[in-house]
Amino acid sequence: MLYVEVQEMNRLSSFYLAMEEYIARYINTNEDCFFMWQVPATVMVGRNQLINNEVNLSYCHENNIHVLRRKSGGGCIYVDKSCLLFSYITHDEQVNLVFSQYINLIVEMLNKMGIAATAGGRNDVMIDGKKISGNAFYHVPGRSIVHGTMLYDTDMENMVKSITPSEEKLISKGVESVRQHIALLKDFTTLSLEKFKQLTKQYLCSSELVLTTDDVKGIEEIEKDYLSDNFTFGNNPRYSISNKKHFDNVGNMEVYIQLKNDVIKHINILGDYFLTGDIDNQVLKPLQNIQYNEYEITAALPENIGDIVRNLRKDQLIELIMAHP
């Protein structure tokens, strides 16, 4: 695997999200690519999440915690300088294969370091039944990107106060509740963070590429999208109907529908699910301007919804759209 880096690595999350996208789109190599990054305190929401439901924006503003949206699905995360973030770019495009391949790589690496990690959940790496790494996925043409956390250490108080936890995920709020679900690597190894980074690069990568000044300029162009208020906050919908459901092995899903004379004028589906296809063109657009009834909705939707939203069945999506809370 090829390790990719830039000369100046002291950047914000927006730069590194743009960097992995740039590598996927423009770096011509047959090898899989990987890099690590660290950033100041940041909250990142998934592509399809309603930001006001997930983030304590006033607390983040008061405490200089950056807030941005990423292009992958999955849930909201908090990271800071005491965490590592990993980016993995591969030519494989089957989401289950990519997740399995990447997570097995990380588990095997941790095991070689004497850390008893296992794969768990939809997309997690676990130690003693607690999450130490959560990961998310998205496609660009011809490539797949997996990125995720590696919690060496972190400010638990900031994590709790900056992210608004749902009742389904945390029974009670507070640091102790988070610590029952999350593991910190520093509690399971004597390796320093810098030594852990060094060994990670050594175990996973056999060659290296340093990006050029022109590459950095290209990354900074992509970064402008991540820094725009429209991208970060523009996903908050208007609606006349809203429904919410949890589906096992899929995640939490929320539908927001704007109706006019029982015709769907606008529909958005938010949540911490993982996209494996083009939900905008394959699901949302076909549902616009049709009657809000089960027959019309069933006819408009493609059969293989699992090819668009990971592990979701067509009948579950119809249940979400037609359910009345």
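Heavy atoms only: backbone and side chains are in, while hydrogens, waters and symmetry mates are out.
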Is there a side-chain hydrogen bond (donor to acceptor under 3.5 Å, both in side chains) between D225 and S228 once you walk through the steps?
-> CA-CA 5 Å; D225 292 338; S228 72; 5.8 Å; no

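- Between E20 and R143 there is no salt bridge, since no side-chain nitrogen of the basic residue lies less than 4.0 Å from a carboxylate oxygen of the acidic one.
- Using modelled atom types, one side-chain atom of N311 and one backbone atom of N249 make a donor-acceptor pair closer than 3.5 Å.
- The two residues Q49 and G271 come nearest to each other via the heavy atoms CG-O, 3.4 Å.
- To the nearest 0.5 angstrom, L97 atom CG is 8.0 Å from T90 atom OG1.
- Counting only heavy atoms from C-beta outward, the side chains of E108 and K112 approach each other to under 4.5 Å.
- F247 contributes atom CZ, which lies 10.0 Å from atom CG of N252 (distance to the nearest 0.5 angstrom).
- Listed for the S133 side chain is a donor-acceptor partner under 3.5 Å among the backbone atoms of T149.
- Looking at N304, its side chain never comes within 3.5 Å of a backbone N or O of G306 through a donor-acceptor pair.
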Using the side chain to side chain contact (heavy atoms under 4.5 Å, CB included) rule, take H61 and V67 through it: C-alpha gap first, then chi angles, then the decisive distance, then the call.
-> CA-CA 9 Å; H61 179 72; V67 177; over 6 Å; no

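- Taking the side chain as every heavy atom from C-beta outward, P40 and L12 approach each other to under 4.5 Å.
- Checked for salt-bridge contact, E194 and K197 meet the test: a charged N lies under 4.0 Å from a carboxylate O.
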Going through the checks in order, is the side chain to side chain contact (heavy atoms under 4.5 Å, CB included) test met by M159 and I182?
-> CA-CA 11 Å; M159 178 184 287; I182 290 176; 3.8 Å; yes

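- The minimum heavy-atom distance linking V45 with E54 is given by the pair CG1-CB, 4.3 Å.
- Proximity of a side-chain donor or acceptor of N293 to a complementary backbone N or O of Y295 within less than 3.5 Å is detected.
- A salt bridge is absent between K130 and D128; no separation between the charged side-chain nitrogens and carboxylate oxygens falls under 4.0 Å.
- Under the 4.5 Å side-chain criterion, counting only non-hydrogen atoms from C-beta, R11 is in contact with V216.
- For the atom pair I106 CD1 and I132 CD1, the distance stands at 11.5 Å (nearest 0.5 Å).
- V125 and M36 fall within a single hydrophobic cluster, where Ile, Leu, Val, Met, Phe, Trp and Tyr side chains are chained together by heavy-atom contacts under 4.5 Å.
- By the criterion of side-chain heavy atoms lying less than 4.5 angstrom apart, applied directly or through intervening Ile, Leu, Val, Met, Phe, Trp or Tyr residues, L227 is not grouped with L85; the two fall into different hydrophobic clusters.
- Judged as a ring-ring contact (aromatic ring centres under 6.0 Å, His included), and not counting sequence neighbours, the contacts of F86 are F34.
- Nearest heavy atom pair, residue S72 against residue Y138, reads CB-CD2, 3.8 Å.
- For NZ of K260, the number of neighbouring non-hydrogen atoms (other residues, nucleotides, ligands) closer than 6.0 Å is 12 at most.
- Under a cut-off of 6.0 angstrom, the local environment of CG in D315 is crowded, with over 12 non-hydrogen atoms contributed by other residues, nucleotides or ligands.
- Nearest heavy-atom pair across V55 and C60 is CG1-SG, 3.8 Å.
- When I297, I257, L317 are each tested for a side chain to side chain contact (heavy atoms under 4.5 Å, CB included) with L287, only one passes: I297.
- Using a 3.5 Å distance cut-off with no hydrogens or angles, the side chains of Y256 and E254 do pair a donor with an acceptor.
- Shortest non-hydrogen contact noted between Y273 and I279 is OH-CD1, 3.6 Å.
- Classified by interplanar angle (parallel below 30°, tilted 30° to 60°, perpendicular above 60°), the ring pair Y152/F196 is tilted.
- No side-chain heavy atom of Y22 sits less than 4.5 Å from a side-chain heavy atom of V4.
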Dump the intermediate steps for side chain to side chain contact (heavy atoms under 4.5 Å, CB included) on L105 and M1, then the final yes or no.
-> CA-CA 11 Å; L105 273 174; M1 187 149 50; 4.2 Å; yes

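- Between N135 and F274, the closest heavy-atom pair is O-CZ, 3.5 Å.
- Remark: side-chain polar atoms of N111 are paired, donor with acceptor, to backbone N or O of A117 under 3.5 angstrom.
- Separation of atoms SG (C83) and CG (D155) is listed at 9.5 Å; rounding is to 0.5 Å.
- Other residues, nucleotides and ligands contribute more than 12 heavy atoms inside 6.0 Å of the CD atom of E208.
- In this structure, the separation between CZ on R47 and CZ on F231 is 8.0 Å, given to the nearest 0.5 Å.
- With hydrogens and angles ignored, the 3.5 Å screen pairs a side-chain donor or acceptor of Q282 with a backbone N or O of D278.
- A donor-acceptor contact shorter than 3.5 Å links the side chain of R70 to the backbone of M44.
- Distance check: L270 CG to L50 CG gives 5.5 Å after rounding to the nearest 0.5 Å.
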Kindly determine whether K161 and N63 satisfy side chain to side chain contact (heavy atoms under 4.5 Å, CB included), including the steps that lead there.
-> CA-CA 10 Å; K161 290 182 176 179; N63 292 274; over 6 Å; no

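- Taking the six-membered ring where the residue is Trp, the centroids of Y102 and F137 are separated by 6.0 Å or more.
- Of the charged side-chain nitrogens involved, none lies within less than 4.0 Å of a carboxylate oxygen, so that E220 and K224 do not count as a salt-bridged pair.
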